[in-house]
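Written below as structure tokens is the structure these notes are about.
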Protein chains: 2
Amino acid sequence: MSRIPATERRAALAHAALAVISRDGLAAATTRAIVAEAGMPLASFHYAVASRDELLRDVVELVVAEEGVAALAPLLAKAGSIREAAKLALSGYLEFVRRDPGHEQAMFELTQYALRTPGLSDLPAEQYARYHALATELLDAATAQLHPDWSVPMPDLARLLVSFTDGLTLAWLADRDDAAAARSIDLAAVAIAGFAREKVRA
Amino acid sequence: MSRIPATERRAALAHAALAVISRDGLAAATTRAIVAEAGMPLASFHYAVASRDELLRDVVELVVAEEGVAALAPLLAKAGSIREAAKLALSGYLEFVRRDPGHEQAMFELTQYALRTPGLSDLPAEQYARYHALATELLDAATAQLHPDWSVPMPDLARLLVSFTDGLTLAWLADRDDAAAARSIDLAAVAIAGFAREKVRA
DNA sequence: GTCTATAATGAGATAGAC
DNA sequence: GTCTATCTCATTATAGAC
């Protein structure tokens with residue numbers, strides 16, 4: 001494990017921390033658990049990073065920098081309407097959550113922790129700005145494909161979309177009710193399509 | 001502080017714990033912080049309750065048992081349409097969050113913690129069942145007043161409403177953008193009204 | 001029944017040998 | 001530069017004096 005630059009160790013620790021938080025929760029993400037996950041000795045931790053909170057900042061920024069919704073855009077290709085596009089994208093997102101629920105839980109735990117922690121309280125705003133930007137990209141992709149006229153500003157609709165996906169996720173994490181989640185998605189898709197005036201397809 | 005029944009101490013500790021979590025976060029809700037808030041000696045803690053997790057169970061159940069949305073129903077009285085009713089109720093809810101953001105953060109922190117904790121993992125499902133029931137009551141109240149026909153089942157709409165309020169809250173907690181939250185509420189109100197076929201008012 | 005004093009554990013951080 | 005060994009502190013929980 002010798003001869004690894006400190007910046008690389010920092011990144012490796014951030015990835016390890018995210019893995020631990022996803023698997024076992026934020027409370028279990030002690031410095032010891034993180035270095036064990038990364039296969040490093042404990043002392044490497046404070047060699048690469050000043051404090052645990054500083055590493056958690058890295059973790060949030062790591063998450064924010066990730067592609068995220070990019071995987072959902074291809075789903076839109078099959079859609080013949082905004083309603084269908086919304087349903088496919090939301091179902092694809094829920095499938096992503098279902099495949100790795102811990103990852104989404106980790107996001108929520110990190111956000112709440114950051115809000116409470118003096119040195120990190122600026123992070124959630126960045127995080128959600130990124131989410132809103134990603135949702136805007138997804139809506140733009142749908143718009144480019146189906147050419148609807150929207151009756152509301154795109155950033156407002158993007159925020160609504162993010163809020164709904166957050167709420168959908170929280171409820172599903174709580175009760176794991178797949179059928180109810182699917183019905184929520186259907187309703188949300190109808191609601192989103194309601195803001196679009198769609199052109200008649202040739 | 002003598003002669004207080006154990007069950008009463010338990011309840012007092014649960015209330016104190018909720019106060020600490022709301023003010024300082026779940027991580028700060030140590031047994032010491034909780035008994036200090038309750039004005040009890042430390043040993044009273046384990047006299048009244050077996051463990052910290054067991055008290056957190058009480059806290060969640062305390063929260064679930066609370067009235068919650070009852071305060072929102074009166075707001076509906078002024079509404080002349082479903083759209084207006086939805087806007088008033090959601091704005092009233094956001095105002096409630098804004099008045100005590102820590103309380104809502106506490107809810108999210110407790111839910112996430114419970115999901116991760118073996119003895120408490122059944123609680124979030126109860127919690128959300130309660131939320132959904134409360135949303136149903138609110139929708140019933142609006143229905144009783146405005147007599148719309150709904151194009152979707154009430155429980156599904158209730159779940160959508162809860163999901164949206166959760167997402168609205170998370171986004172607002174993250175970026176504190178009042179104007180953006182207000183626009184989200186406007187859009188959500190339109191979307192909800194879209195599921196109602198309203199009778200013409202006399 | 002109640003609470004003081006303390007045990008036992010595990011945390012973040014660091015000094016100093018290699 | 002790297003990591004072993006340790007320090008210091010805060011935590012939950014409890015034993016035993018009142």
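By convention in this document, chain letters (A, B, ...) are assigned in the order of the sequence lines, proteins followed by strands, and residues within each chain are numbered from 1.
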**Fill in**
CG (B/Leu170) and CD (B/Gln105) are apart, to the nearest 0.5 Å, by 9.5 Å
**Item:** With A/Phe164 via ring-ring contact (aromatic ring centres under 6.0 Å, His included) - residues at least two apart
**Value:** none
**Request:** Let me see the working for B/Arg83 and B/Asp186 under salt bridge (charged side-chain N to carboxylate O under 4.0 Å, His left out), right down to the final yes or no.
**Result:** CA-CA 9 Å; B/Arg83 176 179 169 176; B/Asp186 279 342; 5.7 Å; no
**Prompt:** Can a side chain N or O of A/Ser44 be found less than 4.0 Å away from OP1 or OP2 on D/dT2?
**Reply:** no
**Prompt:** What integer distance in Å separates B/Glu8:CD from C/dT2:C1'?
**Reply:** 16 Å
For nucleotides 11-15 of chain C, print each protein N/O atom paired with a nucleotide N/O atom at under 3.5 Å, atom names and distance only.
residue : atom : partner : partner atom : Å
C/dG12  : OP1  : A/Thr31 : N            : 3.2
C/dG12  : OP1  : A/Arg52 : NE           : 3.4
C/dG12  : OP2  : A/Thr31 : N            : 3.0
C/dG12  : OP2  : A/Thr31 : OG1          : 2.7
C/dG12  : N7   : A/Arg32 : NH1          : 2.8
C/dG12  : O6   : A/Arg32 : NH2          : 2.8
C/dA13  : OP2  : A/His46 : NE2          : 2.7
C/dA13  : OP2  : A/Arg52 : N            : 3.3
C/dA13  : O5'  : A/His46 : NE2          : 3.1

**Item:** Polar side-chain atom of B/Glu109 near backbone of A/Gln112 as donor-acceptor pair, under 3.5 Å
**Value:** no
**Close approaches to DNA chain C from residues 108-122 of chain A, in residue order (heavy atom, under 4.0 Å)** = none
**Prompt:** So, A/Ser121 side chain and A/Leu115 main chain: donor-acceptor pair closer than 3.5 Å or not?
**Reply:** no
**Asked** With a 4.0 Å cut-off, would you call A/Arg98 and A/Glu95 a salt bridge?
**Response** yes
**Message:** When you measure from the side chain of B/Glu198 to the backbone of B/Ile82, do you find a donor-acceptor pair of N or O atoms at a distance under 3.5 Å?
**Reply:** yes
**Asked** Does the salt bridge (charged side-chain N to carboxylate O under 4.0 Å, His left out) test come out yes or no for A/Glu84 and A/Lys87, once each step is laid out?
**Response** CA-CA 5 Å; A/Glu84 202 181 338; A/Lys87 183 172 173 174; over 6 Å; no
